[in-house]
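Comments concern the structure below.
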Amino acid sequence: MNIYRSHVLICGGTGCTSSKSDKLQEKFEKLLVEKELDKEVKVVRTGCFGLCEAGPIIIVYPEGSFYSQVKIDDVEEIIEEHLLKGRIVKRLLFKDAIVEDIVKSVDEVDFYKKQKRIALKNCGVINPEDIDEYIALDGYLALGKALTEMTPEEVIETVKDSGLRGRGGGGFPTGLKWGFTAKAEGNQKYVLCNADEGDPGAFMDRSILEGDPHSVIEAMALAGYAIGSNQGYVYIRAEYPIAVERLQIAINQAREKGLLGKNIFGSDFDFDMEIRLGAGAFVCGEETALIASIEGERGMPRNKPPYPANKGLWQKPTLINNVETYANVAQIILHGADWFKEMGTEKSPGTKVFALGGKINNTGLIEIPMGTTLREVIYEVGGGIPNGKKFKAVQTGGPSGGCITSESLDTPIDFDSLTSIGSMMGSGGMIVMDEDDCMVDIARFFLDFTVEESCGKCPPCRIGTKRMLEILEKITSGKGEPEDLDRLERLAENIKVSSLCGLGQTAPNPVLSTLKHFRHEYEAHVNEKRCPFPHLRINSI
Amino acid sequence: MKSIEELRKVKEESLKRINLRKDREEGTRIVVSMDTCGIAAGARSILMSLLDEVNKRDLKDVTVTQTGCIGACNLEPVFEVYKPGEEKVTYVHMTLEKAKQVMEEHIINGKIVQEYTIGSNQ
């Protein structure tokens with residue numbers, strides 16, 4: 001099959017044919033042969049683009065230039081100017097930006113325009129239950145390349161060079177983690193995938209596992225090769241039945257094809273993996289609690305160090321990464337570290353997947369290059385706030401994060417910028433609030449969640465968050481006193497510094513950040529003894 | 001899988017089937033978004049009805065398959081149509097009736113049902 005540098009699509013629908021698009025095609029084909037461009041430019045007759053009143057329509061790719069009402073005499077100009085010299089014939093372009101129309105391919109729709117899909121590359125494209133479709137789009141090629149052309153050290157170096165950071169929220173450099181685990185001494189090592197996604201409103205990992213499970217399997221095999229492990233486990237919450245089912249199908253198919261098992265790609269590398277189901281505890285997303293849960297113990301975190309890289313699953317060196325982190329790995333191995341670094345910012349290269357929810361028009365799953373601003377995400381990708389309401393705040397990082405107000409909307413989204421404005425990247429939940437939302441109630445909602453999910457091992461988290469919730473409930477039910485705010489703040493600071501794991505250390509964040517940005521709302525509750533917002537109380541989970 | 005050559009062979013064979021670009025040569029591919037949110041919005045019954053129509057009408061060059069989330073959860077149920085020589089078309093807010101109409105007008109008669117496309121619903 002010839003590779004064409006350009007495609008000329010000529011509409012062959014009834015409307016355009018009646019305005020002589022067939023003659024245009026003949027002319028194009030004739031002139032292209034005359035100018036010896038027929039090997040480089042392909043003319044394709046298509047179905048109706050749906051904009052018959054502007055016909056005949058011609059679209060020239062790769063630019064996607066949309067020409068309307070093209071006449072026979074215009075053909076020569078399009079060929080001379082556009083196809084030979086690369087200058088779009090502006091005069092013939094369809095006016096009005098054709099916002100409403102299908103000819104804007106999906107990539108042109110506002111929702112997709114600013115997106116860049118790496119981790120979600122195959123989601124919505126391939127059938128996740130058919131390994132051949134994954135292979136068709138370069139699946140398992142990275143594994144093949146690594147096993148036949150690269151040493152384990154080179155794989156680790158590539159991941160290190162790419163600057164990939166943990167997408168579960170921590171932002172720890174992935175390559176470093178791989179390096180530590182590779183260096184750790186032990187005859188048996190494990191590769192774990194953390195798919196215990198629990199933030200309210202977050203569903204990035206679920207979508208990756210439901211849409212492209214092989215990308216995670218391939219990356220875990222790559223990780224196994226890099227660190228010297230032959231066994232992997234995916235710890236996934238049982239509340240994700242479809243993801244679990246598709247992942248199991250994918251594992252089975254990979255085994256059948258010999259992409260998991262013994263002597264993969266004829267090398268002496270063996271790797272296999274199994275699924276372990278979580279029973280719905282948020283704290284099991286914390287790595288040491290997750291490991292305890294896989295071991296069959298009660299899912300509770302322990303002190304670090306030792307880190308899992310040295311003493312993890314069954315006290316063996318263990319590598320643990322999040323689903324989205326893994327979903328980037330095969331692409332990095334395939335295209336190289338430099339390719340990855342071209343996207344995003346210097347310290348946070350690549351892209352990030354977010355689950356957009358709350359008071360926003362385009363609720364859904366998005367993947368954007370790091371460095372995109374919150375404003376672009378909310379107003380362009382997200383389509384703004386529904387019902388003409390005003391934006392109030394956006395919560396990133398779920399129950400561990402904080403709210404970001406309109407003054408910070410131009411902050412670029414990356415690990416460090418979000419932390420600097422008092423929130424965090426988190427795993428990728430993004431919940432938008434409008435002017436009708438009561439921020440005290442939002443804080444109460446998240447705290448209610450963490451109180452429920454606290455494992456109870458350390459007192460600051462077990463008792464402290466409970467006391468905070470009681471104060472908040474006092475305030476939201478109109479019984480608060482002015483001193484409650486100081487009490488709340490002091491308690492929050494203490495819990496942050498004295499809790500054992502990330503759950504407790506971050507649980508006060510929603511309260512602290514709403515206290516910082518919306519103290520007047522707390523004061524209104526306390527002084528007027530009522531909620532100033534006419535709203536329904538958010539139900540607890 | 002014992003070699004990269006073997007992998008490449010599988011790749012080439014399956015690529016013909018799922019070629020997403022307009023230069024695809026083989027048949028029409030209808031891809032229904034079947035992740036949790038799609039299914040919750042009713043994608044399963046739409047997938048079944050599309051399969052049913054294809055079987056009933058004996059459309060030999062049309063495949064109906066499933067995929068994961070395309071991200072536009074507020075527009076579910078969603079399916080996309082890939083036809084040779086066409087850009088892919090994304091249909092949103094699908095119902096059984098609308099799906100049937102798309103089947104008749106677009107899949108069979110080649111006329112895109114514009115009012116149901118993502119471009120008209122953004």
Side-chain angles (χ1 to χ4, degrees), chain A residues 1 7 9 13-14 42 44-50 100-106 109-111 115 120 122-130 132-133 135-138 140-141 144-145 148 203 206-208 210-212 240 242-243 257-259 263-266 361-367 383, chain B residues 1-23 25 31 33-39 63 65-76 78 80 82-90 106 109-115 117-122:
Chain A
M1 200 189 296
H7 286 80
L9 310 192
T14 314
K42 189 174 185 182
V44 185
R45 197 167 170 78
T46 71
C48 181
F49 289 119
E100 295 295 309
D101 204 78
I102 179 62
V103 288
K104 298 190 98 184
S105 69
V106 154
V109 175
D110 284 345
F111 179 65
Q115 296 200 46
L120 298 178
N122 293 333
C123 288
V125 177
I126 62 166
N127 179 353
E129 296 182 18
D130 184 350
D132 288 351
E133 297 202 357
I135 293 173
L137 301 183
D138 292 335
Y140 290 105
L141 201 56
K145 179 180 165 189
T148 52
F203 53 93
R206 187 194 76 206
S207 299
I208 291 171
E210 285 179 357
D212 194 16
Y240 283 174
I242 298 166
K257 282 251 188 306
L259 292 160
N263 303 110
I264 302 170
F265 284 106
N361 277 317
N362 301 335
T363 48
L365 193 72
I366 63 163
E367 181 170 356
Chain B
M1 199 67 63
K2 290 298 162 207
S3 66
I4 295 223
E5 288 66 49
E6 209 181 314
L7 187 74
R8 284 194 203 280
K9 237 172 76 191
V10 177
K11 176 186 152 89
E12 270 152 37
E13 275 164 27
S14 347
L15 191 56
K16 285 184 212 141
R17 194 153 39 94
I18 67 162
N19 188 352
L20 312 172
R21 294 191 313 262
K22 49 199 174 290
D23 64 354
E25 287 171 346
V31 182
S33 175
M34 284 276 288
D35 66 319
T36 296
C37 61
I39 294 170
T63 31
T65 186
Q66 61 173 1
T67 188
C69 183
I70 72 159
C73 308
N74 58 325
L75 303 176
E76 297 280 0
V78 170
E80 300 192 309
Y82 301 89
K83 285 190 120 181
E86 268 183 27
E87 287 291 305
K88 83 169 162 186
V89 179
T90 307
H106 186 184
N109 292 318
K111 186 165 168 19
I112 294 167
V113 189
Q114 194 183 324
E115 56 173 320
T117 61
I118 191 168
S120 309
N121 282 275
Q122 266 275 306

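Per chain, numbering begins at 1; letters A, B, ... match sequence-line order. Any value given below was found using the heavy atoms of this structure, including those in side chains, with hydrogens, waters and symmetry copies removed.
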Checklist entry - Any idea which of A:Q115, A:E129, A:E133 has the most non-hydrogen atom pairs under 4.5 angstrom with chain B? => result A:E133
Checklist entry - Between A:G364, A:G211, A:A243, A:G144, which has the largest tally of heavy atom pairs under 4.5 Å with chain B? => result A:G364
Checklist entry - Top residue by heavy-atom pair count (under 4.5 Å) with chain B, among A:I126, A:L141, A:L259? => result A:I126
Checklist entry - Where does A:Y240 contact chain B at under 4.5 Å (heavy atoms): side chain, backbone, both or neither? => result neither
Checklist entry - Looking only at atom types and distance, does a side-chain atom of A:E210 sit under 3.5 Å from a main-chain N or O of B:C69, one as donor and one as acceptor? => result no
Next on the checklist: Looking at chain A, which one of B:V113, B:V78, B:D35 has the largest number of heavy-atom pairs inside 4.5 Å, strictly under?
Outcome noted: B:D35
Next on the checklist: Checking side-chain polar atoms at under 3.5 Å, does B:T65 have a donor or acceptor matched by the opposite partner on A:N127?
Outcome noted: yes
Item to check | Top contributor to chain A interface from B:E6, B:K2, B:Q66, B:H106 [non-hydrogen pairs under 4.5 Å] | outcome: B:Q66
Checklist entry - Within a strict 4.5 Å, meaning less than it, do heavy atoms of the A:L137 and B:L15 side chains meet? => result yes
Item to check | Heavy-atom pair with the smallest gap, counting every atom of A:L365 and B:C73 | outcome: N-SG, 4.0 Å
Checklist entry - With chain B, which of A:G124, A:S207, A:P128, A:G258 has the greatest number of heavy-atom pairs at distances under 4.5 Å? => result A:G124
Checklist entry - With a 4.5 Å limit on heavy-atom distance, are the side chains of A:R206 and B:T36 in contact? => result yes
Next on the checklist: Using the side-chain contact (heavy atoms from CB on, under 4.5 Å) criterion, which residues pair with A:K145? Sequence neighbours excluded.
Outcome noted: A:E149, A:M150
Checklist entry - Among all residues two or more places apart in sequence or in another chain, which pass the side-chain contact (heavy atoms from CB on, under 4.5 Å) test with A:N361? => result A:P386
Checklist entry - Looking at A:I264, A:D138, A:I366, A:I208, which has the largest count of heavy-atom pairs under 4.5 Å with chain B? => result A:D138
Item to check | Contact class of A:N122 relative to chain B, heavy atoms under 4.5 angstrom | outcome: backbone
Item to check | Main-chain N/O of A:D132 paired to B:K11 side chain as donor or acceptor, under 3.5 Å | outcome: no
Item to check | Closest non-hydrogen atom pair, A:F265 against B:L7 | outcome: CZ-CD2, 3.9 Å
Checklist outcome for this item: So, the part of A:T148 with a heavy atom under 4.5 Å from chain B: the answer is side chain
Item to check | Pairwise distance CD1(A:I135) to CD(B:E12) - rounded to 0.5 angstrom | outcome: 12.5 Å
Item to check | Side-chain donor or acceptor of B:T67 paired with backbone N/O of A:V125 under 3.5 Å | outcome: yes
Checklist entry - Which bit of B:S33 comes within less than 4.5 Å of chain A, counting heavy atoms only: side chain, backbone, both or neither? => result neither
